[in-house]
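Since the structure comes first, as structure tokens, the remarks are kept for the end.
Scope of the values below: all heavy atoms of this structure, side chains included, with no hydrogens, waters or symmetry mates. Start at 1 and go down the list; that is how both ligands and their atoms are numbered. Counting begins at 1 with the first residue of the sequence.
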Amino acid sequence: MDAAPYLAALRDARHVVVLTGAGVSAESGVPTFRDRQTGLWATFDPMQLATPSAYERDPSLVWGWYEWRRAAVQSAQPNAAHRAITAMAAAVPRLTLITQNVDDLHERAGSASVLHLHGELGRPYCAVCRRAYALPPDPPRVVPDGERIEPPRCESCGGRIRPGVVWFGEALPQAQWRRAVDAASRCDAFFCVGTSSLVQPAASLTDVAIRAGAITIQVNLSPTDMDARVAHSLRGAAGSVLPGLVSEVWGGGNRGGQHRAR
Ligand code: APR
């Protein structure tokens, strides 16, 4: 007899969707945004750093700050939560991994085809002609937060290069967004892990899955607005809850035959 009511439903799930937020990278030492003391927005003003007008106003402050974050991410390692999601993908017939995170820790943990709704630190581009900019291979110089660094210039049009992230007030990448909505509306099981579910439209994906009748499970250290809406809310660190759940539901074995993540 299963302890938790959702275990059997997860075992039968053909298509699982996982939506992650900053909390999934917290145990890798990458700060979240809204955690009271440690969150980035507790120290920095998002309107001075994470909007197109902030970049217009002071491009070297913004570029310096994102280089600071890129250096922090490069020295971080995936944690047990990232690895548990990779293991889950190997255990189910189909898994769609959607993240709000701009780090590459899911990919470094072995996850494929990750849908990055808020862009990627590793994919800067020209603010004028939008041409992708190839970052130098060597890791970014570790800079103190707040150090101004003049953004590089585009080899094609001479425009300034901007961080490859989606800023407040900007549209999400449409292809990734459409695939995320499609997956949330067709899945059997939907996890929202380490997100405050405060930022739209990403947070609305959980409601799409709820309306589609999927079993919905939240994993978070603290209460969020989703507590009242998801079917199951697991309180705890993603790095402890997810590995335990994956082994309890799918054991170590591969239940889906081939591994397909899309
Ligand atoms: N395990 C599980 N949950 C955790 C952990 C952990 N180890 N550590 C923190 N959390 C939870 C917090 O309780 C919080 O609910 O993760 C959540 C992080 O929330 P936010 O900091 O708001 O991050 P996120 O939801 O990803 O933010 C969404 O906002 O600032 C923008 O573009 C940015 O993508 C980001 C978006």
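- Atom OG of Ser60 is separated from atom CD of Glu67 by 12.5 Å, given to the nearest 0.5 angstrom.
- In this pair, Tyr133 and Trp63 present their aromatic rings perpendicular. The plane angle is above 60°, beyond the 30 to 60° band.
- Screening Tyr125, Tyr66, Tyr55 for a side-chain hydrogen bond (donor to acceptor under 3.5 Å, both in side chains) with Arg162, the sole residue that qualifies is Tyr125.
- Regarding atom 18 (C) of ligand 1, its nearest protein heavy-atom neighbour is Gly194 O, 3.7 Å.
- Considering both main-chain and side-chain atoms, Ala22 comes within under 3.5 Å of ligand 1 through a nitrogen or oxygen pair.
- Under the 4.0 Å criterion applied to side-chain N and carboxylate O atoms, Arg94 and Asp188 are not assigned as salt-bridge partners.
- Screening Arg34, Gln218, Gln100 against Thr195 for a side-chain hydrogen bond (donor to acceptor under 3.5 Å, both in side chains) leaves a single residue, Gln100.
- Put simply, CG on Asp104 and CG on Leu121 are 8.5 Å apart, with the number rounded to the nearest 0.5 Å.
- For ligand 1, the atoms lying closer than 4.0 Å to a non-hydrogen atom of Gln100 are 28 (C), 34 (O).
- Contacts between Glu27 and ligand 1, counted as non-hydrogen atom pairs separated by less than 4.0 Å, involve the side chain only.
- The protein heavy atom nearest to atom 4 (C) of ligand 1 is Gly23 CA, 3.6 Å.
- For ligand 1, the atoms lying closer than 4.0 Å to a non-hydrogen atom of Ser222 are 13 (O).
- Around the CD atom of Gln74, the shell of radius 6.0 Å holds more than 12 heavy atoms that belong to other residues, nucleotides or ligands.
- Proximity annotation for atom 12 (C) of ligand 1: of Asp225, Leu221, Asn220, Asn220 comes nearest, heavy atoms only.
- Salt-bridge annotation for Arg186 and Asp182: present, with a side-chain N of the basic residue lying under 4.0 Å from a carboxylate O of the acidic one.
- Close approach of ligand 1 to Ala26 is summarised as follows: ligand atoms under 4.0 Å from at least one heavy atom of the residue are 8 (N).
- Between the side chains of Glu107 and His116, at least one donor N or O sits under 3.5 Å from an acceptor N or O.
- In this structure, the protein non-hydrogen atom closest to atom 35 (C) of ligand 1 is Phe33 CE1, 3.6 Å.
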- Task: Take Asp227 and Arg235 through the salt bridge (charged side-chain N to carboxylate O under 4.0 Å, His left out) test and state the conclusion after the steps.
- Result: CA-CA 10 Å; Asp227 284 42; Arg235 186 76 68 239; 2.6 Å; yes

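- Near Ala238, with a cut-off below 4.0 Å to any heavy atom, the atoms of ligand 1 are 1 (N), 2 (C), 6 (C).
- Under 4.0 Å from ligand 1, heavy atoms of Arg34 appear from its side chain as well as its backbone.
- Nearest protein heavy-atom contact of atom 25 (O) of ligand 1 is Thr195 OG1, 2.7 Å.
- Distances shorter than 4.0 angstrom do not occur between any heavy atom of Ala81 and any atom of ligand 1.
- Put simply, the residue from Val73, Val165, Leu117 that forms a side-chain contact (heavy atoms from CB on, under 4.5 Å) with Val102 is Val165.
- Closest protein heavy atom to atom 30 (O) of ligand 1: Trp41 NE1, 2.9 Å.
- Residue Phe168 places no N or O, backbone or side chain, under 3.5 Å from any N or O of ligand 1.
- Residue contacts with ligand 1: Gly21 is placed with no nitrogen or oxygen under 3.5 Å of a nitrogen or oxygen of the ligand (distance criterion only).
- Remark: Asp58 engages Arg148 in a salt bridge, criterion side-chain N to carboxylate O under 4.0 Å.
- Taking atom 9 (C) of ligand 1 as the reference point, the nearest protein heavy-atom neighbour is Asp35 OD2, 3.4 Å.
- Contact annotation: for Val199 versus ligand 1, heavy atoms closer than 4.0 Å belong to the side chain alone.
- In terms of N/O distances under 3.5 Å, ligand 1 is not approached by Thr224.
- Of all atoms in ligand 1, listed by their number and element, those nearer than 4.0 Å to a heavy atom of Gly236 are 1 (N), 2 (C).
- Residue His118 places at least one N or O, backbone or side chain, under 3.5 Å from an N or O of ligand 1.
- Leu234 contributes atom CG, which lies 12.0 Å from atom CG of Leu221 (distance to the nearest 0.5 angstrom).
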